[in-house]
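Within every chain, numbering begins at 1; the chains are lettered A, B, ... in the order of the sequence lines, protein sequences first and strands thereafter. This one's a predicted model, so the numbers in the text were calculated from it and none came from an experiment.
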Protein chains: 2
Amino acid sequence: MLSYTEENYLKALLMLSFQNETRPEAGTNEMAAHLGVKPATATDMLKKLKEKNLVTYQKYGKILLTEEGKKNGITILRKHRLWETFLYEKLDFSWDEVHEVAEQLEHIQSPKLVNKLDEFLGFPEFDPHGDPIPKANGEMPSFEKTLLSELTAGETGKVTAVKDTSTLFLQYLEKLNITIGTNIKVLELIDFDGSLNIQIENAPNRSVSMKFAGSLYVKR
Amino acid sequence: MLSYTEENYLKALLMLSFQNETRPEAGTNEMAAHLGVKPATATDMLKKLKEKNLVTYQKYGKILLTEEGKKNGITILRKHRLWETFLYEKLDFSWDEVHEVAEQLEHIQSPKLVNKLDEFLGFPEFDPHGDPIPKANGEMPSFEKTLLSELTAGETGKVTAVKDTSTLFLQYLEKLNITIGTNIKVLELIDFDGSLNIQIENAPNRSVSMKFAGSLYVKR
DNA sequence: TATATTTGTTAGGTAAGTCTAACTTTTATA
DNA sequence: TATAAAAGTTAGACTTACCTAACAAATATA
Ligand SMILES: [Mn+2]
Ligand SMILES: [Mn+2]
Ligand SMILES: [Mn+2]
Ligand SMILES: [Mn+2]
């Protein structure tokens, strides 16, 4: 049985492993920052997780989830994303509101609940941010990871997911009338600062920053 | 901000106040037993709750919730019963399974979630056990509290709630095809041991014990 | 009313999870 | 490669929630 806190550490390590695309290892400071605790606290927890065979790591070395640790992390992530979907689809939460509440709901212990919820939602493959929801068996639906910033002038992409899930970004997208499924055409690339002029389906044309274009996943 | 544990203590005190019909006061041992902790632990917590002005009590005296404590307890109870209703109505949980999971869900912090859930469920007045769900303003729908054991021979009652919510009792009721809304006619009262012969709607006649008849609320 | 029983409190201890301050190791850079 | 910076660890402390054992007060009963 894992504690609420241990679950958070495992999920954090899993997400860092997705983020660090080259190698799935994480560092203590990185992990601590992700969880909003001090590095000293992360070190303490690491010892405990190692003791329980959920991570492999040695002093001053990198952290890697074991199979068991990964399995547990995936379970939490599955719950997190199913709950986000529930809040968004059934209770009319906006996509910048779901995360905070799902952060709590993901820790509810009841295998039956998770699977019934999945069924109730119609076995969704992606959450409101376009992130893949792990299946009951641990598999992750895959999706194209093309960034809007990778498109060339003239190309069109349909938004599949957001890379940045911060409230600030999500609310800005809402203002721009962009959501999962919206088509965006790149009109022009500005070499000077990497910004682009885009045409948004059902919304006025816009100029957006490089940072913006690097935060949206699209399908060509 | 109340901790998970403090919330459990307040809900326990509230429910004991409903139970002790004569006076709403509770004792340390009673409280500890209800929460599954040792009396010494309950005493510790009591001091903290008193410090926070959630209960009034003095050493060796009885425990009483303050208005603030009661308000908080009612909020938890509202969430508990709404979640039970959700699990029962939307996710096909049986009425003996809902309690355990609601025990966890009641602690999720999000006023918006509670109210949206209430709306999603159609503002239910009673939970799957027939217990009243406190309204957002703290009011409790009232209901008739006649026990099956109070009926006389020949009278018919419609089941409105269960007094005992133990798995053992709920599963027995299920076996007998009795649920909220079922009509039961008292055929005969046996003076010797207080048992009664009853006629259950859509099920064979039965003899049930005094204990059984004292655990079911009905409406004449 | 004296004594036994029940009820409630205190003292002292543990475990989880967090922190700060000081220290060590690793890595980057001059 | 020596040194500075960054990354990570350790020691010691705090808070919350729990426990056991010993004690004190209140209540029931002979
Ligand atoms: Mn969490
Ligand atoms: Mn998400
Ligand atoms: Mn609870
Ligand atoms: Mn109930």
Side-chain angles (χ1 to χ4, degrees), chain A residues 1-13 16-17 19-20 22-65 69 72-73 76 103-104 106-107 109, chain B residues 1-13 16-17 19-20 22-65 69 72-73 76 103-104 106-107 109:
Chain A
M1 187 86 306
L2 299 173
S3 73
Y4 189 105
T5 310
E6 288 168 336
E7 290 190 342
N8 279 338
Y9 278 86
L10 293 180
K11 191 181 62 147
L13 287 170
L16 288 173
S17 82
Q19 220 170 286
N20 302 343
T22 47
R23 52 196 61 226
E25 293 160 338
T28 304
N29 287 359
E30 196 184 6
M31 184 175 155
H34 194 267
L35 286 156
V37 298
K38 292 285 137 80
T41 307
T43 300
D44 285 349
M45 179 56 84
L46 235 30
K47 288 183 199 153
K48 194 162 30 139
L49 294 178
K50 189 186 179 183
E51 203 51 51
K52 291 192 172 187
N53 279 299
L54 296 163
V55 302
T56 55
Y57 121 106
Q58 61 243 21
K59 245 209 244 189
Y60 295 103
K62 289 294 178 189
I63 310 153
L64 202 56
L65 286 169
N72 279 289
I76 311 301
E103 205 57 48
Q104 301 175 59
E106 70 191 2
H107 302 288
Q109 306 287 162
Chain B
M1 186 90 302
L2 298 173
S3 74
Y4 189 105
T5 310
E6 288 167 335
E7 289 190 342
N8 280 337
Y9 279 84
L10 292 181
K11 191 181 59 148
L13 286 171
L16 288 173
S17 81
Q19 221 169 284
N20 302 344
T22 47
R23 50 198 61 223
E25 293 160 338
T28 304
N29 287 2
E30 196 184 6
M31 184 175 155
H34 194 266
L35 286 157
V37 298
K38 291 287 138 80
T41 306
T43 300
D44 284 350
M45 180 57 84
L46 234 30
K47 287 183 198 154
K48 195 162 29 138
L49 295 178
K50 188 185 177 182
E51 203 51 50
K52 292 191 172 190
N53 278 299
L54 296 162
V55 303
T56 55
Y57 118 107
Q58 60 243 24
K59 248 210 238 186
Y60 295 103
K62 290 295 177 188
I63 309 152
L64 202 56
L65 286 169
N72 279 288
I76 312 302
E103 205 56 47
Q104 301 176 58
E106 71 192 2
H107 302 287
Q109 305 288 162

Do any N or O atoms of the protein come closer than 3.5 Å to N or O atoms of nucleotides 19-21 of chain D, and which pairs are they?
residue	atom	partner	partner atom	Å
dC19(D)	OP2	Lys38(B)	N	3.0
dC19(D)	OP2	Thr41(B)	OG1	2.5

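When the side-chain nitrogen and oxygen atoms of Lys59(A) are compared with OP1 and OP2 of dT10(D), one or more of them lie within a distance under 4.0 Å. Taking side-chain N and O atoms only, Lys62(A) has no distance below 4.0 Å to OP1 or OP2 of dA7(D). Listed pair Tyr4(A) / dT16(D) fails the phosphate criterion, with no side-chain N or O lying under 4.0 Å from OP1 or OP2. Proximity of Thr28(B) to the phosphate of dT9(C): a side-chain N or O atom is located under 4.0 Å from OP1 or OP2.
At the heavy-atom level, Thr5(B) lies under 4.0 Å from the strands shown only through sugar-phosphate atoms. Nucleic acid contact for Tyr9(A): sugar-phosphate only, since backbone atoms but no base atoms lie under 4.0 Å from a heavy atom of the residue.
By the side-chain hydrogen bond (donor to acceptor under 3.5 Å, both in side chains) test, Glu30(A) is found to be paired with Asn20(A), residues two or more places apart in sequence or in another chain being considered. In this view, Tyr60(A) satisfies the side-chain contact (heavy atoms from CB on, under 4.5 Å) rule with no residue, not counting sequence neighbours. Evaluation of the side-chain hydrogen bond (donor to acceptor under 3.5 Å, both in side chains) rule for Gln104(A) yields no partner, not counting sequence neighbours.
Taking CD of Glu106(B) as the reference point, atom CD of Glu7(B) lies at 7.5 Å (rounded to 0.5 Å).
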Only pairs under 3.5 Å count here: list side-chain donor-acceptor contacts from residues 32-45 of chain B, not counting sequence neighbours, and write none if there are none.
residue	atom	partner	partner atom	Å
Thr43(B)	OG1	Pro39(B)	O	3.1

Taking distance alone, no hydrogens or angles, what donor-acceptor pairs closer than 3.5 Å link side-chain atoms of residues 50-58 of chain A to residues at least two apart or in another chain?
residue	atom	partner	partner atom	Å
Lys50(A)	NZ	Tyr57(A)	O	3.0
Lys52(A)	NZ	Glu6(A)	OE1	3.2
Lys52(A)	NZ	Glu6(A)	OE2	3.0
Thr56(A)	OG1	Leu64(A)	O	3.4

